[in-house]
Amino acid sequence: MPAKATRAAFGEALLDLGARDPRIVALDADLSKSTMTAAFARAFPDRAWNLGIAESNMIGVGAGLALTGKVPFVCSFACFVVGRFETIRISVAYTNANVKIVGTHAGVAIGEDGYSQMGLEDVACIRALPNVLVVQPADEAETKQAIAWAAEHQGPVYLRLTRQAVPPVCPPGYRFRPGRWLALRPGRDVTLVASGGPVSNALEAARLLEADGISAEVIDAASIKPLDEETLVASASRTRHVVTVEDHAIAGGLGGAVAETLSEVLPTPLRRLGVVGFGESGDPAGLYARHGLDAAGIAGSVKKFLGR
Amino acid sequence: MADARLEAIARECRVQILRMLTHAGSGHPGGSLSVIDLLVALFFGRLRHDPKRPDWPDRDRVVLSKGHAVPALYAVMARAGYFPESQLITLRKLGSPLQGHPDRTALPGVEAATGSLGQGLSVAVGMALGLRTARSPARVYCILGDGEIQEGQVWEAAMAAPKLGRPAHPLDNLTVILDYNKIQLDDFVTKILDLEPVVAKWQAFGWAVLEIDGHDVAQIRKALDQAEATRGVPTLVVAHTVKGKAVSFMENNPEWHGKAPKPEEAIAAVREVLAVSEAAWDDYLATDPATRAIVDELRALETPR
């Protein structure tokens with residue numbers, strides 16, 4: 001499978017599921033070409049609505065549709081949709097409305113558009129809300145699995161997707177399940193828990209580390225909420241060192257979730273890799289390098305962390 | 001239902017609003033008393049609903065976007081049979097499904113979580129769209145507060161509703177009622193941020209707009225008829241109301257936006273709602289055991305426990 005943006009995989013999955021499940025509808029706020037719901041809207045014009053540049057209303061309309069039995073996918077850039085936090089908090093989370101919130105353009109990897117378009121604090125915000133689950137798939141196959149699961153799951157879900165193409169990382173036949181992580185590579189010395197765009201970089205970092213005699217286990221943590229405590233604790237108890245890798249603010253995201261769990265269940269030396277401060281404009285590869293989320297950056301941080 | 005009957009139910013509901021707020025010791029009497037005639041007209045004169053089947057897919061829906069007036073909603077819901085009226089005095093108490101603002105997951109029959117102002121209209125628009133596309137005959141009613149429409153999200157929804165679903169599924173199954181009582185928490189609306197010209201604004205956005213006295217049952221009925229007969233666009237009913245309506249010391253007084261009456265104030269208020277003179281009060285209570293029980297219950301609150 002070639003590399004593909006998870007937002008593109010979402011668009012294909014939605015089109016496919018839409019043909020089978022008439023409950024599925026799509027809502028956009030003038031970004032349907034970017035969130036990749038445009039194909040669904042062309043195929044099912046009476047099940048897709050573009051609400052204009054009005055995300056709060058889009059979220060609320062989604063909640064109302066859900067309360068009449070539809071399964072709305074409410075889509076925008078992660079920062080814009082989660083930016084309407086109070087509407088998500090009351091109309092979706094507290095209402096327990098069966099809304100699937102899709103935030104694309106996750107992280108600094110969007111590149112040149114700069115900070116105002118980057119979803120960087122979205123996981124931290126949504127993770128705090130009861131009822132809402134948080135899923136960030138790492139490749140095309142996992143995205144399609146996660147979207148199919150979300151459509152069937154009764155309750156609100158936040159799906160975080162990439163603008164950039166990402167290579168396949170999940171093995172054939174893999175099935176996404178909430179609260180279950182996937183060990184992509186076994187290791188003894190350190191556990192790399194990665195999610196979303198940088199998962200392939202973590203895998204590449206593990207290969208670099210192997211050349212230096214460090215055995216790194218790499219876990220794809222698509223299910224950020226609920227996280228997979230069993231897999232996390234089992235791995236951490238073997239390696240005694242955990243590093244989280246995510247294209248998200250250093251505070252409150254996957255790293256925060258892992259820190260919360262480990263510090264209560266199995267205190268383990270931990271290093272969180274993510275974005276410190278605001279993002280900025282630049283080429284995506286350059287931004288990953290600047291924020292230490294490319295393979296070399298991750299490997300370097302791991303070595304420093306292990307004192308090697 | 002005859003107008004006189006609706007007026008009698010509205011009086012009963014006003015008494016229950018005063019009762020539950022006094023037991024709760026906090027809450028919002030002013031906006032509950034301004035909206036109650038509208039809710040009574042809906043629940044007892046308009047809605048196709050079944051309190052025994054609150055999840056009936058084709059039921060009409062009421063979204064009380066001005067969620068702080070929820071005592072009024074609870075009063076009509078209890079009166080209609082969604083839950084026993086005895087439960088009303090659990091309002092705002094620990095463990096009660098009668099949350100301080102509407103909680104859809106706590107109380108069957110509450111259609112949306114509201115109270116964080118500005119959100120209910122969007123949810124109502126989504127419901128109207130979902131019902132229309134499913135070819136359901138159900139209608140959606142959304143009640144907005146006047147101060148509430150200072151929220152930007154209301155105008156996002158107001159801009160969308162007349163366009164959404166067209167041409168096949170126009171949202172003429174949506175009726176929005178503005179409880180225009182002229183007062184918000186801090187002060188009179190005109191002193192905080194004037195809304196005028198309200199009618200022209202919503203007309204400009206494409207709504208059919210009606211203007212009525214929101215305490216006149218006949219006018220409410222006529223407006224709801226007209227909204228139901230309107231094709232192609234949703235209707236806004238601008239209902240001019242009086243904050244604290246039917247209680248002289250609460251009427252038009254911003255003080256009573258968010259303050260519960262003390263028991264002796266509540267008893268005086270109940271007497272005014274029932275239009276009984278002070279001199280005739282004891283004789284009246286002897287003839288009305290239900291009110292007598294409520295008054296006794298309120299008096300018991302005065303005794304230090």
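Keep in mind the model is a prediction, meaning the values are calculated, not measured. Below, read A as the first sequence line, B as the second, and so on, with proteins coming before strands; counting in each chain starts at 1.
Residues B/Thr114 and A/Ile90 have side chains not in contact (no heavy-atom distance under 4.5 Å, counting atoms from C-beta outward).
Pairing each heavy atom of B/Gln119 with each of A/Ser91, the nearest pair is OE1-OG, 2.6 Å.
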*Could you give me the CA-CA distance, side-chain angles and deciding distance for A/Thr95 and B/Thr105, then say whether side-chain contact (heavy atoms from CB on, under 4.5 Å) is met?*
CA-CA 6 Å; A/Thr95 303; B/Thr105 64; 5.9 Å; no
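A donor-acceptor pair is defined here as one N or O able to donate and one able to accept, closer than 3.5 Å; no such pair exists between the side chain of B/Gln153 and the backbone of A/Gly60.
Checked against side-chain hydrogen bond (donor to acceptor under 3.5 Å, both in side chains), A/Arg47 has no partners two or more places apart in sequence or in another chain.
In this structure, the portions of B/Leu131 lying under 4.5 Å from any heavy atom of chain A include both its backbone and its side chain. For a residue to count as touching a neighbouring chain, one of its non-hydrogen atoms must lie under 4.5 Å from one of that chain's; by this rule A/Leu51 touches chain B with the side chain only. For chain A, the nearby parts of B/Asp103 are the backbone and the side chain; heavy atoms of each come within less than 4.5 Å. With a 4.5 Å cut-off on non-hydrogen atoms, B/Ala157 touches chain A through its backbone and its side chain both. Neither the backbone nor the side chain of B/Glu151 comes within less than 4.5 Å of any heavy atom of chain A.
Of the residues listed (B/Val123, B/Val125, B/Leu121), the one engaging A/Val61 in a side-chain contact (heavy atoms from CB on, under 4.5 Å) is B/Val125, and it is the only one.
To the nearest 0.5 Å, atoms NE2 (B/His169) and CH2 (A/Trp49) are separated by 7.5 Å. Between the OG1 atom in B/Thr133 and the CG atom in A/Asp46 there is a gap of 8.0 Å [rounded to 0.5 Å].
When each of A/Thr68, A/Asn57, A/Leu27 is checked for heavy-atom pairs under 4.5 Å with chain B, A/Asn57 comes out on top. Annotation: maximal heavy-atom pairing with chain B below 4.5 Å, among A/Thr87, A/Val25, A/Asn96, occurs at A/Thr87. Counting heavy-atom pairs closer than 4.5 Å to chain A, the top residue among B/Glu156, B/Met127, B/Arg61, B/Arg104 is B/Glu156. In terms of non-hydrogen atom pairs under 4.5 Å with chain A, the most contact-rich of B/Gly118, B/Ala113, B/Pro102 is B/Ala113.
Other residues, nucleotides and ligands contribute over 12 non-hydrogen atoms within 6.0 Å of the NZ atom of B/Lys201. When the shell of 6.0 Å around CZ of A/Arg177 is examined, it contains 12 or fewer heavy atoms from other residues, nucleotides or ligands. B/Gln203 CD: more than 12 foreign heavy atoms inside a 6.0 Å radius. Within 6.0 Å of atom CZ in A/Arg89, 12 or fewer heavy atoms from other residues, nucleotides or ligands are found, so the atom counts as exposed in its surroundings.
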